[in-house]
Amino acid sequence: MDLRKVIFCLLPLILSLWIWVKDGYRFAFWVTSVEDKKEIPIVDGMPELGTQTQIIWKEQFVSGVESPLLGLFVSLSLLAFFFIRKQRVSG
């Protein structure tokens, strides 16, 4: 197979791996909201009396392990498509 076709077939895998690593390479599923925990004092100005945790949810997409698996599936599908097409043309 031509080197350009192989590189074209590997692009989905490379892009999905890049997105996955950029988001923190989580071995979990995709999430669409992220929690932000913030410690705030019970009495303003006196944290020694105790604090409580405030959780704020933000709408944000974080990719999970599905991203590289989807990229691998698309890359293998493209490789198979070009390989079968080459076999039909030459055979």
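Atom set for the values below is all heavy atoms of this structure, side chains included, hydrogens, waters and symmetry mates excluded.
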Taking side chain to side chain contact (heavy atoms under 4.5 Å, CB included) as the test, write out the residues that go with L10, two or more places apart. V6, I14
Roughly how far apart are I19 CD1 and D23 CG, rounded to 0.5 Å? 7.5 Å
What pairs of residues pass the ring-ring contact (aromatic ring centres under 6.0 Å, His included) test when at least one of them lies in residues 31-58, not counting sequence neighbours? none
Starting from M46, walk the hydrophobic network (Ile, Leu, Val, Met, Phe, Trp, Tyr; side-chain heavy atoms closer than 4.5 Å) and list everyone else you reach, by chain and number. I42, V43, L49
For S67 against S63, the heavy-atom pair lying closest together: OG-CB, 3.2 Å
Residue list, side chain to side chain donor-acceptor pair (under 3.5 Å) with S16, at least two apart or on another chain: none
With sequence neighbours excluded, tell me which residues meet salt bridge (Lys or Arg N to Asp or Glu O under 4.0 Å) with K37. E35
Any donor-acceptor pair under 3.5 Å from R85 side chain to R88 backbone: no
Mind checking side chain to side chain donor-acceptor pair (under 3.5 Å) for E39 and listing every partner two or more places apart, or none if nothing turns up? T51, T53
So the side chain to side chain donor-acceptor pair (under 3.5 Å) pairs with at least one residue in residues 74-84 (sequence neighbours excluded) are none
With rounding to the nearest 0.5 angstrom, report the CD1 to NZ distance, I40 to K38. 7.0 Å
Residues in ring-ring contact (aromatic ring centres under 6.0 Å, His included) contact with F61, at least two apart in sequence or another chain: W30
Holding to ring-ring contact (aromatic ring centres under 6.0 Å, His included), I want the full list of residues that pass it with F27, two or more places apart in sequence or in another chain. W20
Excluding sequence neighbours, so at least two apart, what forms side chain to side chain contact (heavy atoms under 4.5 Å, CB included) with E59? S33
Salt bridge (charged side-chain N to carboxylate O under 4.0 Å, His left out) partners of residues 40-52, not counting sequence neighbours, each pair once: none
Set of residues satisfying salt bridge (Lys or Arg N to Asp or Glu O under 4.0 Å) with respect to D2, sequence neighbours excluded: R4
